[in-house]
**Q** 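Have a look at this one.
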Amino acid sequence: MKRAFKNIPKVVRKQIWLRMAVGAVFLLFFIISTGQFRIGLMLLLFAILILVNGGVMIYNCVTGRYLHIIGKCVDMERTKLLGRTKRIRVETENTVVSIPMHRDLKNLHIGDHVHIYLPVKATVMTHNDVYVINQVYAVKAERKKDE
């Protein structure tokens, strides 16, 4: 199991650790809030939900049930007020894929290579000849060396 976990890409492992840590924090808050029943129940529900999500992600990654898409960033949608990256478009071999950004990648520029990790059962929709994927595990950007 440990060797299989080491074979998972680093950015996906980081997401797994993050989800498990957040679930553990909610579980700790549940243990602390023993006096308030409604708040404790809500915290326990969040802890179970996040820990199960992390467990499913570990299972899918260890068994190889994730996809790795590599492409080139061709467009970035930004929010108007803060300029945060909202969605990016990545050009693969013959298609364009649009994915949401849950965190702002500071080092991502148009023309960079993007690695997208997503579950095999992710829902893919089409909108104006662009494939839209809303469920991703992790996104990694790297600058092309020869440019």
Side-chain angles (χ1 to χ4, degrees), residues 1-31 39-147:
M1 178 75 176
K2 189 174 183 179
R3 185 175 302 171
F5 189 72
K6 292 277 185 188
N7 291 337
I8 299 172
K10 187 176 181 180
V11 291
V12 179
R13 276 192 314 224
K14 183 178 175 184
Q15 283 296 316
I16 291 171
W17 282 114
L18 181 69
R19 290 178 193 199
M20 292 307 223
V22 169
V25 166
F26 273 111
L27 194 61
L28 180 68
F29 286 158
F30 164 72
I31 293 169
I39 294 173
L41 187 63
M42 182 182 65
L43 290 171
L44 179 64
L45 181 68
F46 281 146
I48 291 171
L49 182 72
I50 294 171
L51 288 172
V52 166
N53 185 287
V56 168
M57 189 173 172
I58 289 174
Y59 176 75
N60 285 341
C61 291
V62 166
T63 58
R65 295 181 182 173
Y66 68 95
L67 298 174
H68 179 204
I69 299 173
I70 302 172
K72 181 179 171 183
C73 180
V74 292
D75 188 27
M76 299 168 62
E77 278 184 48
R78 297 195 178 266
T79 58
K80 294 184 185 202
L81 186 60
L82 298 175
R84 188 176 163 273
T85 306
K86 185 166 58 171
R87 182 172 287 281
I88 64 170
R89 287 195 176 87
V90 177
E91 181 180 346
T92 59
E93 295 174 5
N94 54 0
T95 60
V96 176
V97 177
S98 176
I99 59 167
M101 297 301 294
H102 299 292
R103 64 180 183 92
D104 196 16
L105 290 175
K106 303 266 188 247
N107 58 351
L108 179 64
H109 302 288
I110 294 176
D112 291 350
H113 285 289
V114 178
H115 297 265
I116 305 167
Y117 300 95
L118 59 132
V120 172
K121 294 185 177 183
T123 306
V124 179
M125 300 172 281
T126 58
H127 184 274
N128 296 337
D129 296 329
V130 174
Y131 290 102
V132 179
I133 301 172
N134 288 324
Q135 181 183 4
V136 295
Y137 283 154
V139 176
K140 180 176 103 175
E142 62 184 26
R143 184 146 315 252
K144 197 172 179 183
K145 301 285 187 217
D146 56 296
E147 289 183 6

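Predicted, not measured: the structure shown is a model, and the values here were computed from it. Note that these values count all heavy atoms, side chains included, but never hydrogens, waters or copies made by symmetry.
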**Q** In Å and rounded to the nearest 0.5 Å, what is the CD1 to CE distance from Ile16 to Met57?
**A**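 The CE atom of Met57 is 5.0 Å from CD1 of Ile16, to the nearest 0.5 Å.
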
**Q** Compare every heavy atom of His127 with every heavy atom of Val132, then report the nearest pair and how far apart it is.
**A**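 Looks like CG2-CB, 4.0 Å.
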
**Q** Return the CG to CG distance between Leu67 and Leu118, rounded to the nearest 0.5 Å.
**A**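 CG of Leu118 is found 5.0 Å from CG of Leu67.
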
**Q** In terms of heavy-atom contacts, does CG of Asp129 have more than 12 from other residues, nucleotides or ligands at under 6.0 Å?
**A**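 No.
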
**Q** Once rounded to the nearest 0.5 Å, what's the spacing between atom CE of Met20 and atom CD1 of Ile58?
**A**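 Answer for the CE-CD1 pair, Met20 versus Ile58, is 4.0 Å.
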
**Q** In chain order, what residues pass the side chain to side chain contact (heavy atoms under 4.5 Å, CB included) check against Ala47, with sequence neighbours excluded?
**A**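 Here the qualifying residues are Phe26, Leu27.
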
**Q** At what distance, to the nearest 0.5 angstrom, does CE of Met101 lie from CD of Glu77?
**A**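 Nearest 0.5 Å value for the CE-CD distance: 12.0 Å.
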
**Q** Within the structure provided, determine whether Val114 and Val139 are in side-chain contact (heavy-atom separation under 4.5 Å).
**A**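 Side chain of Val114 against side chain of Val139, heavy atoms only: contact under 4.5 Å found.
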
**Q** How would you list, by chain and number, every residue that makes a salt bridge (Lys or Arg N to Asp or Glu O under 4.0 Å) with Arg19, sequence neighbours excluded?
**A**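 By the salt bridge (Lys or Arg N to Asp or Glu O under 4.0 Å) rule, Arg19 matches no residue at all.
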
**Q** The criterion is side chain to side chain contact (heavy atoms under 4.5 Å, CB included); which residues satisfy it with Val52, sequence neighbours excluded?
**A**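 Val52 satisfies side chain to side chain contact (heavy atoms under 4.5 Å, CB included) with Ile48, Val56 once adjacent residues are dropped.
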
**Q** How long is the span from the NZ atom in Lys140 to the CG atom in Asp112, to the nearest 0.5 Å?
**A**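 Between Lys140 NZ and Asp112 CG, I get 12.5 Å after rounding to 0.5 Å.
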
**Q** Holding to salt bridge (Lys or Arg N to Asp or Glu O under 4.0 Å), I want the full list of residues that pass it with Glu91, two or more places apart in sequence or in another chain.
**A**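 Testing Glu91 for salt bridge (Lys or Arg N to Asp or Glu O under 4.0 Å), a comparison that skips the adjacent residues, returns none.
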
**Q** Once side chain to side chain contact (heavy atoms under 4.5 Å, CB included) is applied, do any residues pair with Thr126, and if so which ones, sequence neighbours excluded?
**A**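 Once residues adjacent in sequence are excluded, the partners of Thr126 under the side chain to side chain contact (heavy atoms under 4.5 Å, CB included) criterion are Tyr131.
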
**Q** Do Val11 and Tyr117 make a side-chain contact, defined as non-hydrogen atoms from C-beta onward lying under 4.5 Å apart?
**A**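 They are in side-chain contact.
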
**Q** Go through Ile69 and Val90 one step at a time and tell me if the side chain to side chain contact (heavy atoms under 4.5 Å, CB included) criterion holds.
**A** CA-CA 9 Å; Ile69 299 173; Val90 177; 5.6 Å; no

**Q** What is the minimum heavy-atom distance between Ile133 and Ala122, and which atoms define it?
**A**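 Between these two residues, the closest heavy atoms are CG2-CB, 4.4 Å.
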
**Q** Would you confirm whether Arg65, through its side chain, and Tyr59, through its main-chain N or O, come within 3.5 Å as a donor-acceptor pair?
**A**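 Looks like no, no N/O pair under 3.5 Å.
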
**Q** Are Ile116 and Ile99 packed together at the side-chain level, in the sense that at least one heavy-atom pair is separated by less than 4.5 angstrom?
**A**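 Yes, side chains in contact.
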
**Q** Can you list everything that forms a ring pair (Phe, Tyr, Trp, His ring centres under 6.0 Å) with Phe29? Sequence neighbours excluded, please.
**A**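 Per chain and number, Phe29 pairs via ring pair (Phe, Tyr, Trp, His ring centres under 6.0 Å) with no residue.
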
**Q** Return a table of donor-acceptor pairs under 3.5 angstrom between the side chains of residues 82-89 and protein atoms on other chains or two or more places apart.
**A**
| unit_1 | atom_1 | unit_2 | atom_2 | d |
| --- | --- | --- | --- | --- |
| Arg84 | NH2 | His102 | O | 2.9 |
| Thr85 | OG1 | Arg78 | NH1 | 3.1 |
| Thr85 | OG1 | Asp104 | OD1 | 2.9 |
| Arg87 | NH1 | Ser98 | OG | 3.2 |
| Arg87 | NH2 | Asn134 | OD1 | 3.2 |
| Arg89 | NH1 | Asp75 | OD2 | 2.9 |

**Q** Would you check if Asn53 and Leu49 make a side-chain contact, meaning some heavy-atom pair closer than 4.5 Å?
**A**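 No - every pair of side-chain heavy atoms lies 4.5 Å or more apart.
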
**Q** I'd like to check the side chain to side chain donor-acceptor pair (under 3.5 Å) partners of Tyr137; sequence neighbours left out, ordered by chain and number.
**A**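 In terms of side chain to side chain donor-acceptor pair (under 3.5 Å), with neighbours along the sequence ignored, Tyr137 is linked to Asn60.
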
**Q** Got a sec, which residues hit side chain to side chain contact (heavy atoms under 4.5 Å, CB included) with Ile70, two or more places apart in sequence or on another chain?
**A**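 Partners of Ile70 under the side chain to side chain contact (heavy atoms under 4.5 Å, CB included) test: His68, His115.
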
**Q** How long is the straight-line distance from CD1 of Ile39 back to CG of Leu44, given to the nearest 0.5 Å?
**A**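 Rounded to the nearest 0.5 Å, the CG-CD1 separation comes to 13.5 Å.
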
